[in-house]
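The structure under discussion appears below in the form of structure tokens.
So you know, we letter chains A, B, ... as the sequences are listed, proteins then strands, and number each from 1. FYI, side chains are in, hydrogens and waters are out, and symmetry mates aren't considered; it's all heavy atoms of this structure. As the structure is a computational prediction, the values presented were derived from the model and not from experiment.
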2 protein chains.
Amino acid sequence: MNATVAKRLPKNYKLVYEILRGAGHGVHFTMGEIYAHAKRKRPAIGFSTVYRGIARLRDLGWIDEIELPGSDSAVYELKGKPHAHFCCGRCGEVADVHYQLPARTIARLAARTGGRVGEAMVTLRGLCRRCSV
Amino acid sequence: MNATVAKRLPKNYKLVYEILRGAGHGVHFTMGEIYAHAKRKRPAIGFSTVYRGIARLRDLGWIDEIELPGSDSAVYELKGKPHAHFCCGRCGEVADVHYQLPARTIARLAARTGGRVGEAMVTLRGLCRRCSV
DNA sequence: CCCGACACTGAAAGTCATATTCACTATCGG
DNA sequence: CCGATAGTGAATATGACTTTCAGTGTCGGG
């Protein structure tokens, strides 16, 4: 099975991971930002490699890909517990919000749709502390 | 200022609105689908006009634009009460779910972020009834 | 040490939904 | 009738991915 996990990650993919791990939980980068960081560390690296690194890490479950509704680009962060996101409509900042829909609520909604619910995403939109003054 | 609201809507924009109103609440169309419908009713209409009609109706608050996380195209529906959406990961169907985060919860989360929260989006992902068998 | 298979790589090109530009044309208040 | 403004269709641009292509490692046998 997932022998990929066991195998050592290619050094470029590792670099991508280190960029996110170095930033820590709760920090969100777009693909472009990650590429910029990677380029600084290893100028010869190409965009495709960073792109593929992100895809691999996502598939391995080491990082989370977050698609904010209404934003044209996804952001990435270290894998963590499920949580909600707050997105500032002015400066675009994305912040983690330690919250998730109660399992009971999800179950109730799932029953209502008649289908099976895999995940529940909660996104808040508004103005962050600095932009709301 | 917004005299636009008072003015009668251009007939093409009205056509776009009628397409959504005719479908009723809870029906979701992509821009391409709306364009196809419009084209059938008025073959000479251009894509840009439909596009601009949707933008206008959205700005007027007559329709809602729903950007599903992870989907590459937005869907539109008649303006209605805030609600959650369920999105089938297999067939792509989007269904309204009559639910919204309790105001108290939103207030609590807003306090936690220190900013001001305008809206809270809840999106469920999973398999719809037909796809989950 | 050499080989073949296969993973990795960078540059370039492709995709797709959404936005915008351009050169008209229709409409409205005077 | 007139000038200003809004509306229009076709064509083009944008931006974020996504894939293709032609190499370039890399590693376990032989």
Side-chain angles (χ1 to χ4, degrees), chain A residues 2-19 28-60 63-77 87 92 94, chain B residues 1-19 28-60 62-77 87 92 94:
Chain A
N2 241 333
T4 325
V5 178
K7 257 186 200 163
R8 216 159 58 271
L9 226 48
K11 64 184 194 323
N12 283 331
Y13 295 9
K14 220 178 263 182
L15 172 63
V16 169
Y17 183 65
E18 288 308 320
I19 288 168
H28 306 86
F29 286 135
T30 63
M31 190 133 70
E33 286 165 349
I34 296 171
Y35 175 54
H37 280 260
K39 197 88 177 168
R40 215 169 301 143
K41 289 271 190 183
R42 211 195 296 293
I45 201 170
F47 177 82
S48 339
T49 300
V50 172
Y51 169 77
R52 285 179 288 229
I54 290 174
R56 173 79 117 265
L57 293 165
R58 192 222 309 119
D59 293 347
L60 286 174
I63 66 178
D64 275 326
E65 181 179 59
I66 299 147
E67 322 228 29
L68 284 334
S71 170
D72 42 355
S73 72
V75 295
Y76 301 87
E77 67 175 329
C87 181
V94 177
Chain B
M1 30 75 256
N2 237 336
T4 324
V5 177
K7 259 186 199 161
R8 213 159 60 271
L9 225 48
K11 65 183 194 324
N12 282 330
Y13 295 9
K14 221 177 263 181
L15 171 64
V16 169
Y17 182 65
E18 287 310 318
I19 288 168
H28 305 86
F29 286 135
T30 63
M31 188 131 70
E33 286 164 349
I34 295 171
Y35 175 53
H37 280 260
K39 196 86 178 168
R40 213 169 304 140
K41 289 271 188 178
R42 210 194 298 293
I45 201 169
F47 177 81
S48 339
T49 299
V50 173
Y51 169 78
R52 284 179 288 230
I54 291 173
R56 171 79 116 266
L57 293 166
R58 191 227 304 121
D59 294 347
L60 287 175
W62 295 15
I63 65 178
D64 275 325
E65 180 179 60
I66 299 147
E67 321 227 32
L68 283 334
S71 170
D72 43 355
S73 71
V75 295
Y76 300 87
E77 66 176 327
C87 180
V94 176

Practice problem: Check every strand shown and say whether S73(A) touches a base, only sugar-phosphate, or nothing at a heavy-atom separation below 4.0 Å. | Solution: sugar-phosphate

Quiz item: Any idea which of dC22(C), dC17(D), dA16(D) is nearest the D72(A) side chain?
Solution: dA16(D)

Practice problem: Find the distance K11(A):NZ to dC8(C):P and express it as a whole number of Å. | Solution: 11 Å

Self-check item: Side chain H37(B), main chain I19(B), donor-acceptor under 3.5 Å
Solution: no

Practice problem: Could you state the atom-to-atom distance from CG of L15(B) to C1' of dT8(D) in whole Å? | Solution: 14 Å

Self-check item: Residue I45(B), side-chain atoms from C-beta onward, closest of dC17(D), dT18(C), dG9(D)
Solution: dG9(D)

Quiz item: Donor-acceptor pair under 3.5 Å: do we get one between S48(B)'s side chain and the base of dA10(D)?
Solution: yes

Quiz item: Side chain of F47(A): nearest nucleotide among dG9(D), dT9(C), dC17(D)?
Solution: dC17(D)

Self-check item: Atom-pair distance (CG on D59(B); P on dA19(C)), nearest Å
Solution: 11 Å

Self-check item: Between C1' of dA16(D) and CG of L68(A), the distance in whole Å
Solution: 14 Å

Quiz prompt | Heavy-atom donor-acceptor pair, R56(B) side-chain to dG7(D) base, under 3.5 Å | solution = no

Quiz item: Rounding to a whole Å, what distance do you find between N12(B):CG and dA6(D):P?
Solution: 17 Å

Exercise. Starting from P on dG7(D), measure out to CZ on R42(B) and report it in whole angstrom.
Key: 14 Å

Practice problem: Determine the contact category for A55(A): base if any of its heavy atoms lies under 4.0 Å from a base atom, sugar-phosphate if only primed atoms, P, OP1 or OP2 are that close, otherwise nothing. | Solution: nothing

Quiz item: What does Y13(B) touch in the nucleic acid at a heavy-atom separation under 4.0 angstrom: a base, only the sugar-phosphate, or nothing?
Solution: sugar-phosphate

Self-check item: Check: Y13(A) and T49(A) side chains under 4.5 Å, non-hydrogen atoms
Solution: yes

Quiz item: Where the side chain of Y51(B) is defined as all heavy atoms beyond and including C-beta, which of dT19(D), dG9(D), dT20(C) is the nearest nucleotide?
Solution: dT20(C)

Quiz prompt | Interatomic distance, I54(A) CD1 vs dA16(D) C1' [rounded to whole Å] | solution = 12 Å

Quiz item: Within a radius of less than 6.0 Å around NZ of K41(A), do more than 12 heavy atoms belonging to other residues, nucleotides or ligands occur?
Solution: no

Exercise. Could you state the atom-to-atom distance from CZ of R52(B) to C1' of dT5(D) in whole Å?
Key: 14 Å

Exercise. Taking H28(A) for its side chain and V75(A) for its backbone only, find out whether a donor-acceptor pair lies under 3.5 Å.
Key: no

Exercise. Check step by step if side chain to side chain contact (heavy atoms under 4.5 Å, CB included) holds for L9(B) and L60(B).
Key: CA-CA 11 Å; L9(B) 225 48; L60(B) 287 175; 3.8 Å; yes

Quiz prompt | Given dC8(C), dA11(C), dC27(D), the nucleotide with the shortest approach to the side chain of R8(A) | solution = dC27(D)

